[in-house]
Amino acid sequence: MDIHYNPQTIETAIQQEWDATSAFKAGETDARPKYYCLSMFPYPSGKLHMGHVRNYTIGDVLSRFHRLRGYNVLQPMGWDAFGLPAENAAIKHSVAPANWTYANIAHMRSQLKRLGLAIDWSREIATCAPEYYRWEQWLFTELFKKGIIYKKTASVNWDPVDCTVLANEQVIDGRGWRSGALVEKRDIPMYFMRITAYADELLGGLDQLPHWPEQVKTMQRNWIGKSFGCEVHFPYDRDSIEHDGVLKVYTTRPDTLMGATYVAVAAEHPLALLAAENNSALADFISECRRSSVAEADVATQAKKGMNTGLFVRHPLSDARLPVWVANYVLMGYGEGAVMAVPAHDARDFEFAVQYGLPIKTVIIPTDGAYTEAVAPWQDSYAEHGICINSGKYDGLGFDAAFNAVAGDLAELDLGGKRTQFRLRDWGISRQRYWGCPIPIIHCDDCGDVPVPAERLPVVLPEDVVVTGAGSPLAAMPEFYRCDCPVCGRPARRETDTMDTFVESSWYYARYASFDSSDAMLDARADHWLPVDQYIGGIEHAILHLLYARFFHKLMRDQGLLKSDEPFARLLTQGMVVAPTFYRDLGDGKKDWFNPAEVDVRTDERGRPLDAVLKTDGLPVTIGGTEKMAKSKNNGVDPEQLIARYGADTARLFMLFAAPPDQSLEWSDAGVEGAHRFLRRLWKFCAEHVNNGVVPAYRNSELNADLKALRFQLHHAIAKITDDYSRRQTFNTAIASTMELLNSLTRLNDTGAIARAVIQETLEHVTVMLAPIVPHICTAMWRELRPDSAAFAPTWPVADADAMSQDEITLMIQVNGKLRGELNIAKTTGAAAIQQMALNQPAVQKFIAGQTPKKIIIVPGRLVNIVV
RNA sequence: GCCGGGAUGGCGGAAUUGGUAGACGCAGCGGAUUCAAAAUCCGCCGCUGGUAACAGUGUGGGGGUUCGAGUCCCCCUCCCGGCACCA
């Protein structure tokens, strides 16, 4: 065995072997239990970045670990191939989005293969392939027939110069990113999926997911936002609004209804539009409200503005006249597009009321009875539940009693009553873009919106187009949109909108099971593999993608395609890959960013950073923060170069060692060196052992103290590492344990026959336990350690209980909770003897200084605390 | 703004159920080897005081519960993710 570790030779040979033998092809006829391990598929942006490397390494480690534990593992890969970046690249480089995408896929596939992932490549899918999206179109038509998909108008960001709809991220400070024009809201017809019909099930289903991170479930619960409240109808005031009607609002605080001093409506609300007919100032204000982005974050952070409409409504219980205001913080698309304002007990209403001098009426006091009038500045306690005051017949009632009383009275008056509401809104899936899945609808003047019949699917997206960035290319292609109505046969127009790309990623995990089915979306294989046993991806997908995929799973189930209720049994959300930033100020707020590789950081004699200079000119650069690897900050590291230099195993090892998977991972070139050094040391130690002759692993015989200690450490490590891989999913601590084992092996210095057998045992176990993380080097080492076993088919080690037993233990001795000494005792020592020995310690005597201990706490096997 | 998360040596992190804070690695310092350097090997390494033994102090800040708190509770600061058309 070569004493020098040569990763390139080892890795290319083994990868070729995996490829040639289709080593990771997964079948359904296998006696072993199935394990479906899935990493979120990538958008084919062009090159693999470190975030991908991290994601796919974590997935591969879990796949290979389960393979070693006797599972039939499926780990597939594919491409989330539709999306905005392809259109942007098309505009910039005058290439067709399709060609750009296919070239990127080819390059990224080869990069993934060089990482040594145990992927079943025969199942590869790309969502832009008609064989894939035809089933998405088919499901669309089925859901359309069922009424799950319906049409309504919704607001979008409209760029009046480019005459195009903009994504939220394309709106920067209220302007279009390319044209610079002020963006307007525009209402257009769109198709919506009735996700709200599944809101209760999506909420309840979270309780069936014990292996999802609590934080993700919490975020989804809050997003769905089930609330219990009241619908309240404010009758129109006939003197100002000259017809009958009611203004509907929803509130979770009916107990504060008597404190409502005005109502606020969205700019698009019918009452606002009515008032604006004879009020040009109001009309101007409404159009100002419409000149902003549709993003909720923008709406919520903009300065609160409003205007009185001059209209009034009547309080449903007191009959008081309440003014109707238009407010920019009220959203038309959410709830009723109107809110009742109780400034004394709601922070937003309070701010608005103070700003416009509207009355604030305190109607709730704290349960402890102390009277607190809601006066500026706002206190969070004003919003707490309490006791009603200034509320007539409701005075003295607590939250629940007041809630019920008000709800009952409203119901009796037919002006509202109890209602459950969700924050979740229906999912608008229409996109006015080219590079997406065509919506399979035909518009016929006589028959209306007609779904494309199944036998005419797919509606193929033409791939040879020129994208200009102004308007949708499909809407300019008569050969695409001209068609005949499937019902009446008369000339009709094909829908030219495409679907949100979240639709493709909502069911791809299921298609991997039935990847080659040409006569159905899914077949029996889907129920074989689903649910996914382990799903891995970025925390940024905690809400939207994961909620949509859960929703689709239920849709497919109700369509009879699947039997399970949830798509992903276990979820691991991985953190970002971050790196230091360096820059020079160029004046007027601009910065010149330098890649960490171009910079030398100088340190003091203790290793603390002093300053940084550019390698090429030796002049200083500013040390910026540690941020997510991004082109804009020039702090990225190219995985391809990393692998070319150190090999895939080093890249994988570093990614897993530097941080636990769910935390952000800070890039460090020196850390990569350290990971590589460990592999070199391991290889060298193994080679030296092998070159002196492999021996059978230790079975049983008399061990000296050092060898006993080594086996004690080894078998504890086996137990710990197994737990780290399976329950904890912290691979950094598993790696640390194998490093400790190698350190102990190096220190052993015993070449006797028994020692060599224990070393053999340790090396074999370490090789298997590291194999999920660094599979190439471990395969090569295993073949050297066990020349008898041709294939790499070891089994996961089991900790030996005998080796882990110990006769003597160490207890920590504390006085008043401070560490003052330690005590080595036989495991069987009784409490009284332990107390006596602890008290006899000189250090203990010194600190109790002759006082009588008040209390002595003994934590078995851990410590003794003497309290004086 | 709202929802979710995070903060531990010079750095990444460990401490799994409230019980030895700093495992493992990086950086740094000292030594061995070398003509020399790289590589490698050995040792030291939270902070303050002390030659040392040792003592004090220390997990973003403030308060609390406990014999004992990085871990539990309350308040605050800063950073990160999401907010429905980026994926």
Side-chain angles (χ1 to χ4, degrees), chain A residues 40 42-43 45 80 83-85 156-157 165-171 213-216 218-219 221-223 225 294-302 304 329 333 347-348 424-433 500-502 505 538-545 547-548 573 575-576 578 601 603-609 625 627-628 654 657-660 662-675 677-678 680-681 684 720 723-724 727-728 730 732-733 735-740 743 746 810-814 816-819 822 854-857 859 862-863 865-867:
Chain A
M40 290 181 184
Y43 178 80
S45 54
D80 188 13
L84 209 47
V156 294
N157 301 308
V165 175
L166 298 178
N168 284 335
E169 72 155 10
Q170 295 174 314
V171 179
E214 217 41 63
Q215 60 158 312
V216 174
T218 304
M219 281 191 268
R221 277 188 198 106
N222 292 340
W223 185 262
V294 297
E296 192 198 299
D298 295 337
V299 174
T301 50
Q302 71 194 351
K304 286 184 187 37
Y329 69 87
R348 281 195 310 190
L424 183 69
R425 314 198 290 257
D426 277 342
W427 175 15
I429 55 167
S430 293
R431 297 291 179 270
Q432 299 67 46
R433 306 198 195 292
D500 181 359
T501 56
F502 269 125
S505 56
I539 184 68
E540 65 273 22
H541 297 291
I543 295 173
L544 292 180
H545 163 60
L547 190 66
Y548 292 149
T573 49
M576 298 178 300
V578 299
V601 176
T603 57
D604 67 9
E605 73 283 355
R606 272 188 163 146
R608 287 180 290 218
E627 301 189 53
K628 182 175 176 170
F654 171 72
F657 180 61
D662 56 348
Q663 285 181 31
S664 66
L665 181 148
E666 188 167 327
W667 189 260
S668 154
D669 285 330
V672 175
E673 288 276 359
R677 196 174 301 148
F678 169 67
R680 275 206 310 265
R681 286 214 303 140
K684 188 174 162 222
K720 183 194 164 37
D723 189 43
D724 285 350
R727 182 181 61 87
R728 301 211 311 150
T730 55
N732 56 329
T733 50
I735 294 165
S737 292
T738 65
M739 287 175 168
E740 287 175 294
N743 289 344
T746 312
T810 305
L811 293 184
M812 294 300 131
I813 311 300
Q814 297 180 338
N816 287 337
K818 288 195 180 185
L819 187 68
E822 54 184 63
K854 284 184 198 141
K855 202 178 192 182
I856 299 179
I857 292 139
V859 183
R862 288 204 177 263
L863 59 73
N865 189 12
I866 299 161
V867 186

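Letters go in sequence order (proteins before strands), and every chain restarts at 1. Values below: all heavy atoms of this structure, side chains included; hydrogens, waters and symmetry mates excluded.
- Scored by the side-chain contact (heavy atoms from CB on, under 4.5 Å) test, A:Glu540 finds no partners at all (sequence neighbours excluded).
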How would nucleotides 68-73 of chain B be written as a contact map, 5' to 3', with B for base contact, S for sugar-phosphate-only contact and - for no contact, using protein heavy atoms under 4.0 Å? S-----
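- Listed by chain and number, the residues in a side-chain contact (heavy atoms from CB on, under 4.5 Å) with A:Ile539 are A:Gln215, A:Val216, A:Met219, A:Ala542, A:Thr573 (sequence neighbours excluded).
- Shown here are the side-chain contact (heavy atoms from CB on, under 4.5 Å) partners of A:Gln170, two or more places apart in sequence or in another chain: A:Leu84, A:Asn88, A:Leu166, A:Ala167, A:Trp177, A:Arg433.
- Donor-acceptor pairing under 3.5 Å, judged by distance alone, is absent between the side chain of A:Arg681 and the base of B:U40.
- Residues A:Ala670 and A:Arg862 both approach RNA chain B. Their nearest nucleotides, taken by heavy-atom distance, put A:Arg862 toward the 5′ side.
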Listed pairs, N/O of protein and of nucleotides 76-83 of chain B, under 3.5 Å:
residue	atom	partner	partner atom	Å
B:C83	O2'	A:Glu296	OE1	3.3

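- A search for side-chain hydrogen bond (donor to acceptor under 3.5 Å, both in side chains) contacts involving A:Thr218 returns nothing, not counting sequence neighbours.
- For A:Glu822, there are no salt bridge (Lys or Arg N to Asp or Glu O under 4.0 Å) partners at least two apart in sequence or on another chain.
- With sequence neighbours excluded, the residues forming a salt bridge (Lys or Arg N to Asp or Glu O under 4.0 Å) with A:Lys304 are A:Glu351, listed by chain and number.
- With the 3.5 Å cutoff on both pairing distances, Watson-Crick and G-U pairs in RNA chain B assemble into runs of at least 3 at B:1-7 with B:77-83, B:10-12 with B:24-26, B:28-32 with B:40-44, B:46-49 with B:54-57, B:60-64 with B:72-76.
- Two residues, A:Ser737 and A:Thr730, neighbour RNA chain B, and the one matched to the more 5' nucleotide by heavy-atom proximity is A:Thr730.
- A search for salt bridge (Lys or Arg N to Asp or Glu O under 4.0 Å) contacts involving A:Lys628 returns nothing, not counting sequence neighbours.
- By the salt bridge (Lys or Arg N to Asp or Glu O under 4.0 Å) test, A:Arg221 pairs with A:Asp207, A:Glu214, sequence neighbours left out.
- In terms of the side-chain contact (heavy atoms from CB on, under 4.5 Å) criterion, residue partners of A:Val672 (sequence neighbours excluded) are, by chain and number, A:Leu642, A:Tyr646, A:Thr650, A:Phe654, A:Trp667.
- Under a 3.5 Å cut-off, the side chain of A:Asp723 and the backbone N or O of A:Arg728 do not form any donor-acceptor pair.
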